[in-house]
**Q** 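Here you go, one structure.
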Amino acid sequence: MEDAVKKISTCAAGLDELLGGGLEPRMITQFFGEAGSGKSTLCLMAVVSVLRNGGGVVYIDSEGFSIERFSQIAGDSTLEYAKRLYVFEPGTFAEQGLMITESEKLIKSGNAHMIVLDSATALYRVEQMDTKDALSMLSRQMMVLLGIAKRYDIPILITNQVFMDIEHHRLSGLGGTALSHISKAIIRVEKHEGFRRAVVFKHRSQAEGNMWEFVITGDGVRDR
Ligand SMILES: Nc1ncnc2c1ncn2[C@@H]1O[C@H](COP(=O)(O)OP(=O)(O)OP(=O)(O)O)[C@@H](O)[C@H]1O
Ligand SMILES: [Mg+2]
């Protein structure tokens, strides 16, 4: 029955395989990893996949959207695709929440078919809010996203930054258990000397620890 759910390809076969076919509608998929590991590149690959199929995408980018990187990945179709790409750049964590709420209109009207939130946790880090307040605000934002995903049968893709978890001697995703519980598929992206590795951290139907090694290239990614 797995194929009964139509998954959205990320344009990277190795990543699709880790995800059991691609991004699943009606739920949140999370990529987490250190700076420069390749999270945004993988998001843009998925974005271009949706645009290529004639769909539209809402891209909420808390760190400033790179038009240059988008055009490298979109190639000759950049101008055509850009018409169906709705970029929001929140300046504060509260604004991020407003933009998430606003984006429902674009989904409801049928103009967009996926929401990317890149990165979900960057602004709350910058603002140094009280941790409890920040986490409850983040949870609320995620609940709104999940509601939209379920109402309109679309996938949500978020990225998350990491911190050094001293207790467990490893890099962990920000946003605590709230963010990891609400994300039904989580991929950890690692930066290694000369290549990257994507590892299944959590998935309902794929084995944890499955991995795919890749290299970031001018026009996206390729297998290592
Ligand atoms: N045109 C290109 N050709 C090759 N590598 C590139 C190109 N553009 C960007 N990169 C590489 O991609 C990496 C950054 O990837 P990306 O922006 O996807 O990371 P990220 O995980 O989103 O980082 P952050 O947490 O800072 O947002 C850098 O190592 C950069 O050198
Ligand atoms: Mg990024």
Side-chain angles (χ1 to χ4, degrees), residues 9-16 18-19 23 28-51 57-78 81-82 85-93 96 99-100 114-127 134 138 141 145 156-165 170-176 179-180 183 185-201 211-224:
S9 169
T10 62
C11 267
L15 181 59
D16 283 349
L18 291 188
L19 292 167
L23 301 170
I28 297 174
T29 298
Q30 177 190 146
F31 297 159
F32 81 98
E34 62 183 300
S37 54
K39 303 180 294 295
S40 298
T41 303
L42 295 175
C43 288
L44 288 173
M45 300 280 297
V47 165
V48 165
S49 159
V50 172
L51 296 171
V57 177
V58 171
Y59 202 107
I60 304 171
D61 197 325
S62 58
E63 296 180 295
F65 185 78
S66 172
I67 294 167
E68 197 174 348
R69 191 63 180 135
F70 170 69
S71 76
Q72 287 173 357
I73 294 171
D76 293 342
S77 305
T78 298
Y81 289 174
L85 177 63
Y86 304 91
V87 175
F88 294 84
E89 296 182 329
T92 64
F93 196 45
Q96 176 170 302
M99 289 172 175
I100 288 171
M114 172 166 79
I115 299 173
V116 180
L117 176 58
D118 183 15
S119 128
T121 47
L123 287 170
Y124 98 39
R125 273 179 89 188
V126 171
E127 288 172 40
L138 180 65
Q141 292 183 2
L145 278 174
I156 306 286
L157 178 56
I158 68 170
T159 72
N160 189 14
Q161 302 183 324
V162 291
F163 68 99
M164 190 59 202
D165 183 343
R170 65 172 185 212
L171 291 171
S172 289
L174 283 164
L179 201 52
S180 54
S183 309
I186 306 183
I187 300 289
R188 186 175 71 234
V189 190
E190 301 170 353
K191 190 175 172 178
H192 294 274
E193 193 63 41
F195 71 97
R196 307 292 196 278
R197 180 182 289 146
V199 186
V200 177
F201 184 79
M211 58 177 77
W212 164 59
E213 292 183 345
F214 65 100
V215 176
I216 298 178
T217 61
D219 60 359
V221 299
R222 63 167 170 81
D223 293 344
R224 184 187 179 196

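For ligands, and for the atoms within them, numbers begin at 1 and follow the listed sequence. Keep in mind that the numbers below use all heavy atoms, side chains included, and drop hydrogens, waters and symmetry copies.
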**Q** Quick one: which of K191, R196, E34 has a heavy atom closest to atom 29 (O) of ligand 1?
**A**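 Nearest heavy atom to atom 29 (O) of ligand 1 lies in R196.
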**Q** With heavy atoms of E63 as the reference, note each atom of ligand 1 found under 4.0 Å away.
**A**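 Once the distances to E63 are compared, the set is 27 (O).
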**Q** Using the side chain to side chain contact (heavy atoms under 4.5 Å, CB included) definition, which of the options L145, I100, V57 pairs with I115?
**A**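 Result: among L145, I100, V57, L145 is the only option passing the side chain to side chain contact (heavy atoms under 4.5 Å, CB included) with I115.
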**Q** Would Q72 and D219 count as a side chain to side chain donor-acceptor pair (under 3.5 Å) here? Give the steps.
**A** CA-CA 5 Å; Q72 287 173 357; D219 60 359; over 6 Å; no
**Q** Students often mix this up, so state it plainly: with edges at 30° and 60°, are the rings of Y124 and F93 parallel, tilted or perpendicular?
**A**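 Geometry flag for F93 against Y124: perpendicular rings.
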**Q** Heavy atoms only: which of G64, A35, G38 lies closest to atom 19 (O) of ligand 1?
**A**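 Minimum heavy-atom distance to atom 19 (O) of ligand 1 goes to G38.
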**Q** Where do Q141 and Q96 come nearest, in terms of heavy atoms and distance?
**A** OE1-NE2, 2.9 Å
**Q** Consider every N or O of L42 and every N or O of ligand 1, then say whether any pair is closer than 3.5 Å.
**A**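 Among all N and O atoms of L42, none is under 3.5 Å from an N or O of ligand 1.
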**Q** Show me which atoms of ligand 1 lie under 4.0 Å from any heavy atom of G218.
**A**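 Contacts of ligand 1 toward G218, numbered from 1: 1 (N), 2 (C), 3 (N).
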**Q** Could you report the tightest heavy-atom contact between S119 and S62, atom names first, then the distance?
**A**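 That closest heavy-atom pairing would be O-OG, 2.8 Å.
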**Q** Any protein heavy atom at under 4.0 Å, with atom 31 (O) of ligand 1 as the reference point?
**A**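 Given the 4.0 Å limit, the answer for atom 31 (O) of ligand 1 is no, no protein heavy atom qualifies.
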**Q** List the atom of I186, the atom of S180, and the distance in Å for their closest heavy-atom pair.
**A**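 Where I186 meets S180 most closely, the heavy atoms are CD1-O, 3.6 Å.
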**Q** So which protein heavy atom does atom 25 (O) of ligand 1 come closest to, and at what separation?
**A**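 Closest protein heavy atom to atom 25 (O) of ligand 1: K39 NZ, 2.7 Å.
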**Q** The Mg ion (ligand 2) and S40: any N/O/S contact shorter than 2.8 Å?
**A**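 It does: S40 brings an N, O or S atom closer than 2.8 Å to the Mg ion (ligand 2).
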**Q** In the protein, which heavy atom is nearest to atom 15 (O) of ligand 1, and how far is it?
**A**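 For this ligand atom, the closest protein heavy atom is T41 OG1, 3.6 Å.
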**Q** Ignoring hydrogens and geometry, is there a side-chain-to-backbone donor-acceptor pair from T10 to A12 under 3.5 Å?
**A** yes
**Q** For atom 1 (N) of ligand 1, what's the nearest protein heavy-atom neighbour? Residue, atom name and distance, please.
**A**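 Residue, atom and distance for the closest contact: Q72 OE1, 3.0 Å.
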**Q** Under the side chain to side chain donor-acceptor pair (under 3.5 Å) test against Q161, which residue among K39, E63, E34 passes?
**A**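 Of the listed residues K39, E63, E34, the side chain to side chain donor-acceptor pair (under 3.5 Å) partner of Q161 is E63.
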**Q** So which protein heavy atom does atom 5 (N) of ligand 1 come closest to, and at what separation?
**A**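 It is I216 CG2, 3.7 Å.
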**Q** Any nitrogen or oxygen of S37 lying under 3.5 Å from a nitrogen or oxygen in ligand 1? Just yes or no.
**A**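 By distance alone, the answer is yes.
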**Q** Which residue holds the protein heavy atom closest to atom 2 (C) of ligand 1, what is that atom called, and what is the gap in Å?
**A** R69 NH1, 3.7 Å
**Q** Search all heavy atoms of A46 against all heavy atoms of L157 and return the closest pair with its distance.
**A**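 What the structure gives for the nearest pair is CB-CD2, 4.2 Å.
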**Q** Who's closest to atom 17 (O) of ligand 1 heavy-atom-wise, of G36, G220, S40?
**A**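 The option holding the nearest heavy atom is S40.
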**Q** Under 4.0 Å, heavy-atom basis, I'd like to know which part of T217 is in contact with ligand 1: side chain, backbone, both or neither.
**A**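 Under 4.0 Å from ligand 1, T217 contributes backbone atoms alone.
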**Q** With R196 as the cation and F214 as the aromatic partner, state whether NZ or CZ is under 6.0 Å from the six-membered ring centre and within 45° of the axis.
**A** no
